[in-house]
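When reading the values below, keep in mind they use all heavy atoms of this one structure, side chains included, and skip hydrogens, waters and symmetry mates.
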Amino acid sequence: MRHGMRELKTRCGLLAIGVAAVCVLTTAAAQRPAADLIFHNAKVWTVDPARPTAQAVAVSAGRITAVGTSADILALKGPATRVVDVEGRLLLPGFIDAHTHFENACDWVFQVSLFDVNTQEELTRRLREAVARVPKGMWITGGDWGALAAWDRAKKGLPASESFTPSLKDVDAVAPDHPVLLRRHDMAYFANSLALARARFAPTSPDPRGGAMARDPQTGALIGMLFGRAGERLQQLMPPPSLERKVAGGRVALAELNRVGIVGIHDVARVDSISQRTAFHTAVERSASDLEIFLELRRRGQLTARVYPELTLATFRELKNVGITPHSGDDMIRYGALKAFVDGYLMFEPYADNPKYSGIYSFRYIDDQTMERDVIDADRAGFDPMFHVIGDRASNLLLNWFEKAIKTNPPRERRFRVIHGHFMTPADIERTGRLGLIVDVTPYHLIKDLGTIDRSVGPERAKTGHAWRSMMKAGARLNIVSDWPGSYNEMEYKPINPLENIYYAVTRQPLGGRPQGPWHPEECLTVEEAVRAYTINPAWSSYEDNAKGSVTVGKLADLVVLSKDILTVPPASIPTAEVLYTVLGGKVVYEKH
């Protein structure tokens with residue numbers, strides 16, 4: 001009997017403690033302000049080792065205020081809270097692409113890639129896509145239709161064949177409100193009626209010396225084709241790439257970033273006021289975005305991705321004059337990185353099988369002494385240099401500069417970066433870890449080169465090509481980056497979708513696989529490692545891991561919800577997942593309908 005009474009008292013005591021605990025939790029929930037946004041019934045992978053998984057997330061005033069069970073988080077619901085049941089889908093931190101060329105993407109908005117186009121039907125289809133994204137009244141350009149067919153004939157020793165002439169009627173029907181100027185592979189041009197009208201080209205206009213305007217043989221009406229100086233004259237009459245045009249393209253580019261779950265970019269950029277006062281030896285800042293694009297988008301409340309500009313190393317001494325110092329800025333635009341280039345496949349040995357691997361410096365490169373001095377001086381000033389580097393000899397040179405800067409200058413927290421780093425010697429792979437470097441790896445570069453790497457660099461060197469896991473084991477921190485939008489000549493598109501690039505990093509195979517399987521599978525990343533390389537690692541690279549990069553209470557509410565659990569589905573299914581929600585600072589900036 002006494003034992004029974006003791007047990008009853010114990011149970012009552014435990015019940016009282018439990019009730020008290022519930023009361024405390026309820027009181028705490030009642031005292032906490034209601035959430036602005038709640039995602040619940042989710043699989044939350046936080047990328048936070050302190051709490052790796054959860055079911056729900058609450059957001060208030062742009063920050064994550066609670067992470068936990070659905071029941072706990074729903075207790076924070078208020079009358080104005082938006083509550084989203086994601087039906088068991090995966091919620092991750094928003095993706096950060098740590099290497100882009102945003103202004104190039106802005107330009108591409110207004111352009112139509114036509115290199116592989118040989119029919120009116122395909123030209124019309126691609127032009128229709130451009131019309132859908134370009135604001136009415138703005139110009140659309142593109143080239144060079146018929147190029148691949150012409151190059152293929154030339155390779156086979158066949159005479160060139162004339163490409164088709166676009167139909168003015170068909171192009172006008174697709175683009176009645178956009179002036180259109182397209183270029184053929186042989187540098188002839190085609191203009192639609194609105195473009196001809198804006199240039200004041202009329203049937204009665206005389207042909208310019210060195211050029212001709214094609215006319216209908218029956219009526220004398222212009223049919224759109226312009227040859228020689230006629231095409232050049234119209235091209236010269238196009239409006240310059242004004243800030244307004246760049247901002248218009250920027251809105252479209254940002255929408256594409258948000259659509260694939262990207263909430264932040266590290267972008268190769270320039271300060272135009274400094275550029276205008278600098279005499280460069282070549283086009284050092286080609287493909288560097290005008291910083292003013294981001295500033296203007298923010299002024300208009302239209303900047304829907306956070307930006308970490310990678311400014312020009314050669315001009316860093318002028319940055320203080322415009323108020324830019326290391327780690328200055330805010331949650332939307334923050335500074336600290338400086339970008340430069342070393343090479344295009346500068347190798348210790350030449351490889352004649354493929355001219356691409358012939359071993360050359362970048363045209364932006366001046367000399368070893370200048371680069372070494374700039375790295376040391378920038379590091380002393382507190383900036384973090386980062387270099388585009390491909391070949392093993394170029395990588396060795398870069399690591400020498402980094403090592404000398406670290407030894408020469410006082411100790412500090414550094415975020416030195418190797419961009420791409422396709423080929424390194426085993427010793428330099430080890431050095432990336434010893435020096436605490438970040439490597440921005442571009443999985444798509446491997447995929448597009450799979451057919452040439454082995455024969456071009458040889459089997460031994462190939463073992464340490466794109467050696468992602470080896471670099472990580474050595475202690476380097478990896479970011480997965482896209483290099484979006486693609487090659488400067490617009491012939492090659494680099495995929496911006498993180499899910500596609502994660503697939504490449506995990507499989508080292510093209511979409512659909514390859515008969516031989518992964519290329520050097522020992523270097524594959526896991527999905528979890530790839531997600532970190534798209535979230536917390538880029539945040540760490542910009543000294544912002546305390547503010548973003550994981551689903552952690554107090555951090556900025558930058559989130560993405562996916563249609564599939566990429567952590568568990570077969571790798572082949574990863575690229576087929578879709579982004580359902582993209583959230584920036586608690587605001588839904590993309591929602592799939």
(Q) I'd like to know if the side chain of Asn258 pairs up with that of Thr582 as donor and acceptor (distance under 3.5 Å, no hydrogens or angles considered). (A) no
Q. Just by distance, do the side chain of Ser362 and the backbone of Asp343 share a donor-acceptor pair under 3.5 Å?
A. no
Q. Under the 3.5 angstrom rule, does the side chain of Asp177 hit a backbone N or O of Lys136 as a donor-acceptor pair?
A. no
Q. Quick one: do Glu292 and Lys246 make a salt bridge, cutoff under 4.0 Å?
A. no
Q) Within the side chain of Asp565, is there an N or O that forms a donor-acceptor pair under 3.5 Å with the backbone of Leu90? A) no
Q.
As an exercise, state the distance from CD1 of Ile574 to OG1 of Thr507, rounded to the nearest 0.5 Å.
A. 8.0 Å
Q | Residue of the set Glu523, Arg508, His420 for which side-chain contact (heavy atoms from CB on, under 4.5 Å) holds with His466 | A | Arg508
Q: Could you check Ser573 against Lys564 for side-chain hydrogen bond (donor to acceptor under 3.5 Å, both in side chains), going step by step and ending with a plain yes or no?
A: CA-CA 8 Å; Ser573 295; Lys564 294 182 180 180; 4.6 Å; no
Q: Give a yes or no on whether a salt bridge exists between Arg229 and Asp207, defined as a side-chain N under 4.0 angstrom from a carboxylate O.
A: no
(Q) With a 3.5 Å distance limit and no angle check, can you tell me whether Arg183 reaches the backbone of Gly143 through a side-chain donor-acceptor pair? (A) no
Q) Checking side-chain contact (heavy atoms from CB on, under 4.5 Å) for the pair Leu346/Ile390: CA distance, chi angles, key distance, verdict? A) CA-CA 7 Å; Leu346 181 64; Ile390 301 294; over 6 Å; no
(Q) Rounded at 0.5 Å granularity, tell me how far CG in Asn192 sits from CZ in Arg198. (A) 9.5 Å
Q) Any idea how Phe164 and Trp145 line up, ring-wise: parallel (<30°), tilted (30 to 60°), or perpendicular (>60°)? A) tilted
Q. Mind checking whether Phe294 and Phe102 have parallel, tilted or perpendicular rings, split at 30° and 60°?
A. tilted
